[in-house]
Peer 1: 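My questions all concern the structure below.
Indexing begins at 1, ligand by ligand and atom by atom, following the structure's order. Count residues from 1 along the sequence.
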Amino acid sequence: MTDILTLNAGSSSLKFGLFELDNPGAEPVAQILGEIDRIGNGPHMRARSAAGAVLSDARLSSEDAADHACALERVLELIARARPGAAIDAVGHRIVHGGPDHAVPVRLTPEVLDALARLEPLAPLHQPHNLAGVRAALAAFPQAVQVACFDTAFHRHHPWVNDTFGLPRAYYDKGVRRYGFHGLSYDYIAGRLTQIAPHLHAGRVIVAHLGNGASMCGMIGGRSIASSMGFSALDGLPMGTRCGQLDPGVVLYLMQHEGMGADEIADLLYRRSGLLGMSGLSHDMRELEAAGTDPANQAIGYFVFRIRRELGGLSAALGGLDALVFCGGIGENSVLIRQKVCEGMGWIGMELDELRNRRGETVISTDLSRVRVLVIPTDEEIVIARAARDMLGQIG
Ligand code: ADP
């Protein structure tokens with residue numbers, strides 16, 4: 001029996017999963033899933049067993065989870081308590097940026113870690129925290145196999161036209177490219193489609209990953225052709241607090257006429273924009289749906305409008321459409337957003353079944369709809385656990 005730990009270190013959070021592996025070829029089975037959020041500032045730890053039992057739902061003192069290394073210690077204490085004797089042979093890490101070269105997961109060595117640290121300028125708000133999680137795990141499990149799973153990897157086979165910007169070539173060569181993100185989620189959905197609808201997997205599919213972070217990906221045969229996200233996790237759809245696609249002239253205006261510096265602009269675009277900025281109320285879709293005020297409805301309206309625009313653009317990039325898949329917290333749960341996205345889409349061959357949508361069934365299009373519409377809960381943790389299992393298998 002082997003245990004695999006998955007870690008997903010955000011700016012102030014650490015999500016974790018403990019998986020059990022019966023034999024080297026088996027599917028890892030989740031035992032514990034949890035998260036510590038607000039690290040360093042009123043941290044809270046939530047964890048549950050695979051059977052749904054609450055293992056932790058408690059505030060921690062700020063000293064107890066002052067940084068990612070401390071937070072990892074709390075996670076290990078919980079695992080020791082909940083599953084005494086757990087032997088962690090592999091740790092899988094979610095890493096936001098793998099740069100131009102990493103199209104598959106990679107074993108973390110000191111050289112790989114150095115190379116990933118050099119990519120920090122490409123994802124300054126995420127990569128340093130991801131790597132802090134890696135360093136904490138390397139110190140805690142020096143003997144374990146550690147694997148990096150990249151959010152960019154799934155998109156590394158984009159055709160050049162979907163990989164570039166209209167800038168002088170030298171910038172492309174320096175790495176200023178359209179990387180695309182949420183790759184672990186898209187990888188999971190592509191895998192699920194092979195199980196539940198292989199004929200759709202083989203076809204032209206758009207996946208809308210709609211959570212606090214939101215993006216869309218067009219795939220053919222389970223491979224990414226184009227993504228709404230580009231160089232950074234700011235592009236494409238508006239998100240909880242991120243602006244989504246923005247005319248670069250706006251950034252010039254903010255610098256030249258509002259006197260804003262890079263840090264201030266980053267704060268505006270990453271933390272104060274999107275649903276929160278437009279509504280002036282909340283980044284949270286549930287709160288906006290409940291509010292019913294004009295600014296909240298306008299924020300929802302813009303979110304939906306950009307999803308529909310992206311749907312049209314990605315369909316053109318794919319040469320047509322066979323299926324649309326919703327996932328992420330909003331995609332999996334919001335009846336309203338799914339209904340608004342699909343409204344009047346008969347021209348593309350899409351017809352929603354209102355009852356199936358309300359019930360949250362897996363297929364929510366009508367039987368006559370040429371384009372199938374599906375809701376598939378995503379699972380990034382199992383993708384990381386499988387990569388760790390595969391790496392264990394490769395090195396024997
Ligand atoms: P993250 O990107 O942080 O993983 P999630 O995928 O958990 O985010 O998605 C969080 C979003 O999902 C929030 O905006 C939340 O309001 C929304 N959400 C969750 N449940 C519902 C629901 N029943 N109706 C509408 N929105 C929901």
Side-chain angles (χ1 to χ4, degrees), residues 6-17 33-39 44 46-48 94-96 123 125-126 129-130 133 149 151 180-189 207-217 227-229 232-244 270-293 295-297 299-304 306-307 325-342 357-361 364 375-384:
T6 62
L7 294 177
N8 177 354
S11 54
S12 63
S13 69
L14 181 67
K15 289 187 187 152
F16 59 93
L33 293 166
E35 175 175 20
I36 298 181
D37 62 9
R38 301 172 62 91
I39 289 174
H44 195 115
R46 291 180 187 81
R48 59 178 174 80
R94 179 186 187 176
I95 307 289
V96 70
L125 298 185
H126 295 95
H129 304 292
N130 296 164
C149 303
D151 263 323
F181 297 89
H182 288 137
L184 302 180
S185 174
Y186 295 131
D187 197 357
Y188 176 80
I189 299 293
V207 182
H209 176 109
L210 310 177
N212 280 320
S215 73
M216 290 167 72
C217 173
S227 158
S228 65
M229 271 187 180
S232 71
L234 280 176
D235 203 4
L237 307 177
M239 303 170 225
T241 62
R242 289 175 245 162
C243 56
Y270 276 97
R271 299 197 183 90
R272 295 196 284 123
S273 298
L275 297 175
L276 172 67
M278 287 184 289
S279 69
L281 176 70
S282 171
H283 70 279
D284 192 285
M285 184 57 81
R286 260 172 307 197
E287 285 187 37
L288 297 184
E289 287 186 16
T293 59
N297 289 340
I300 292 174
Y302 181 69
F303 184 66
V304 169
R306 296 304 308 211
I307 294 170
V325 179
F326 286 101
C327 66
I330 299 172
E332 291 164 28
N333 297 299
S334 176
V335 175
L336 179 79
I337 296 296
R338 294 194 302 251
Q339 183 236 315
K340 282 179 174 291
V341 167
C342 297
N357 184 36
R358 271 206 302 282
R359 287 187 182 148
E361 294 183 12
I364 58 170
V375 179
I376 303 182
T378 196
D379 187 349
E380 291 156 320
E381 270 63 39
I382 188 70
V383 175
I384 302 172

Peer 1: Where do M216 and H182 land on the side-chain contact (heavy atoms from CB on, under 4.5 Å) test, with the steps shown first?
Peer 2: CA-CA 9 Å; M216 290 167 72; H182 288 137; over 6 Å; no
Peer 1: Between OG1 of T293 and CG of L288, what distance do you get to the nearest 0.5 Å?
Peer 2: 7.5 Å
Peer 1: Under the side-chain contact (heavy atoms from CB on, under 4.5 Å) test, which residues partner R359, sequence neighbours left out?
Peer 2: L355, E361
Peer 1: Once side-chain contact (heavy atoms from CB on, under 4.5 Å) is applied, do any residues pair with D284, and if so which ones, sequence neighbours excluded?
Peer 2: S282, R286, E287
Peer 1: Mind checking what makes side-chain contact (heavy atoms from CB on, under 4.5 Å) contact with D37, not counting sequence neighbours?
Peer 2: S13, E35, H44, R46
Peer 1: Could you name the protein residues that come within less than 4.0 Å of ligand 1, counting only heavy atoms, and order them by chain and residue number?
Peer 2: K15, G211, N212, G213, D284, M285, R286, E289, G328, G329, I330, N333, S334
Peer 1: May I have the step-by-step check of side chain to side chain donor-acceptor pair (under 3.5 Å) for H209 and S185, ending in yes or no?
Peer 2: CA-CA 8 Å; H209 176 109; S185 174; 2.8 Å; yes
